[in-house]
Amino acid sequence: MTLEPFPTDWKRALVLMAHPDDPEYGTSAAVAEWITQGKEVSYVLATRGEAGIAGLPPQESGPLREGEQRTACCRVGVDVLEFLDYPDGRLTESLDLRRDLAAAIRRHRPDGIVTLNHRDTWGPGKWNSEDHRALGRSVLNAVADAANEWIFPDLEGPRHEVKWTAILSMNPTHAVQVSEESIEKAILSLAAHSRYLQALDSRPVEEQATEQVRWATSRNSGDSGTPAVGFELYGL
């Protein structure tokens, strides 16, 4: 399948995801590429991922994972990282979440939004977590909320309408071609989540990160074989 080129006529993007490490499974290669091109990218995460490491209590895991995410951001050139402090593993499609996401959109005023797969699976036999589904669906609603002055009239700032919403999806429509330099930055970015990855797999962190990022940037390379990150684009 040939994917359409990702739009380039924009300046500022906002990445809205559920947990630390969510931006690093492919998206960060596109982020590194965009930042190299002079675009601005900021991250807002709904949780601090405090329930994500087996055997490590949330009060220890939360600050650790926040620190790993800050390092991950530095490795692709992201300067702005915010957390909404929702409980990890217990995200729901609530009006509060929609309001906070809409507020973030108005605060950052991006041209486009990048977010998570909101569907039930990542493919056959690969169930998607409720946090991802709730966050992704809430983002799609919050995009409309941010552009409407009457849904959450208490929000600060004027309404804001984004041009597009890009979903890290198993059904991509558009592709961002990425350089080897951006891929290497993305690998380092995922590897920054060292404690988290160590809890998932006994293999070296760098090996895990390389495998994940190489897979994510090769699956949508198309006939040219050029590495790319695929997104399902809404709004164009």
Side-chain angles (χ1 to χ4, degrees), residues 15-32 43-76 78 81-94 96-97 100-101 104 114-139 167-170 183-219 229:
V15 174
L16 296 172
M17 295 197 177
H19 315 104
D21 87 270
D22 283 346
E24 276 66 70
Y25 286 89
T27 297
S28 59
V31 170
Y43 287 6
V44 174
L45 305 183
T47 81
R48 295 179 191 266
E50 68 276 4
I53 300 179
L56 192 65
Q59 64 269 26
E60 297 179 35
S61 181
L64 184 151
R65 297 203 68 197
E66 176 185 341
E68 290 185 339
Q69 184 61 60
R70 294 194 184 280
T71 300
C73 286
C74 288
R75 291 180 177 180
V76 292
V78 171
L81 169 64
E82 299 174 2
F83 295 90
L84 299 180
D85 284 326
Y86 279 80
D88 182 20
R90 289 172 281 166
L91 281 183
T92 59
E93 291 183 61
S94 66
D96 285 344
L97 180 58
D100 287 344
L101 292 169
V114 182
T115 193
L116 283 168
N117 174 19
H118 60 282
R119 296 191 174 89
D120 287 345
T121 72
W122 286 102
K126 297 182 179 179
W127 185 248
N128 194 12
S129 79
E130 174 61 17
D131 276 7
H132 293 168
R133 289 180 286 140
L135 188 282
R137 290 175 62 88
S138 296
V139 167
I167 298 169
L168 188 63
S169 166
M170 297 305 291
I183 291 172
E184 290 296 334
K185 289 178 181 178
I187 290 170
L188 291 173
S189 187
L190 179 53
H193 298 278
S194 58
R195 182 65 179 82
Y196 175 73
L197 292 175
Q198 288 166 10
L200 295 179
D201 194 319
S202 61
R203 292 178 300 159
V205 165
E206 292 76 11
E207 181 181 336
Q208 294 184 55
T210 299
E211 178 183 86
Q212 292 287 344
V213 174
R214 293 286 180 190
W215 176 83
T217 54
S218 65
R219 63 182 298 269
V229 181

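What you see below is based on every heavy atom in this structure, not just the backbone, and it leaves out hydrogens, waters and symmetry mates.
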Got a second to check how far Leu200's CG is from Arg195's CZ, nearest 0.5 Å? 10.0 Å

What is the minimum heavy-atom distance between Leu91 and Ala46, and which atoms define it? CD1-CB, 4.0 Å

Salt bridge Arg48-Asp88, side-chain N to carboxylate O under 4.0 Å: no

Considering non-hydrogen atoms only, spot the tightest contact between Ala191 and Ala209 and give its length. N-CB, 3.8 Å

Set of ring pair (Phe, Tyr, Trp, His ring centres under 6.0 Å) partners for His193, sequence neighbours left out: none

Could you tell me if the side chain of Pro20 sits less than 4.5 Å from the side chain of Glu66, heavy atoms only? no

Nearest heavy-atom approach of Glu50 to Tyr86 is OE2-O, 4.2 Å

For the pair Thr210 (side chain) and Glu206 (backbone), establish whether a donor and an acceptor sit closer than 3.5 Å, ignoring hydrogens and angles. yes

Would you give the length of the straight line joining atom CG of Asp21 to atom CZ of Arg65, rounded to the nearest 0.5 angstrom? 5.0 Å

Heavy-atom pair with the smallest gap, counting every atom of Val15 and Val31: CG2-CG2, 4.4 Å

CG-CG distance between Leu84 and Asp100, expressed to the nearest 0.5 angstrom: 5.5 Å

Could you check whether any side-chain heavy atom of Pro23 comes within less than 4.5 Å of a side-chain heavy atom of Leu45, counting everything from C-beta outward? yes

In the structure I gave you, are the side-chain heavy atoms of Arg203 and Glu211 within less than 4.5 Å of one another anywhere? yes

What pairs with Asn117 under side chain to side chain contact (heavy atoms under 4.5 Å, CB included), at least two apart in sequence or on another chain? Arg119, Trp122, Asn128

Heavy-atom closest pair (Leu97 atom, Ser138 atom, distance to 0.1 Å) is CD2-OG, 3.5 Å

Decide yes or no for Ile187 and Arg214: does some side-chain heavy atom of the first lie under 4.5 Å from some side-chain heavy atom of the second? yes

Backbone N or O of Leu197 within a donor-acceptor pair of the Gln208 side chain at under 3.5 Å? yes

Smallest heavy-atom separation, Gly26 atom then Val229 atom, equals O-CG2, 3.4 Å

Hey, what do you get for CG (Asp96) to CG (Leu101), rounding to the nearest 0.5 Å? 11.0 Å

If you define the side chain from C-beta out and look only at heavy atoms, does anything of Glu24 sit under 4.5 Å from Gln69? yes

Single hit among His118, Glu93, His132 for side chain to side chain donor-acceptor pair (under 3.5 Å) with Arg137: Glu93

Donor-acceptor pair, side chain of Ser189 and main chain of Arg75, under 3.5 angstrom: no

Distance (rounded to the nearest 0.5 Å) between Leu135 CG and Arg133 CZ: 12.5 Å

Taking the side chain as C-beta and beyond, is there a heavy-atom pair between Leu168 and Asp22 under 4.5 Å? no

When you compare the side chain of Tyr43 with that of Arg70, does any pair of heavy atoms fall below 4.5 Å? no

d(Ser28 OG, Leu188 CG) to nearest 0.5 Å is 10.0 Å

Sub-4.5 Å side-chain heavy-atom contact between Thr47 and Phe83: no

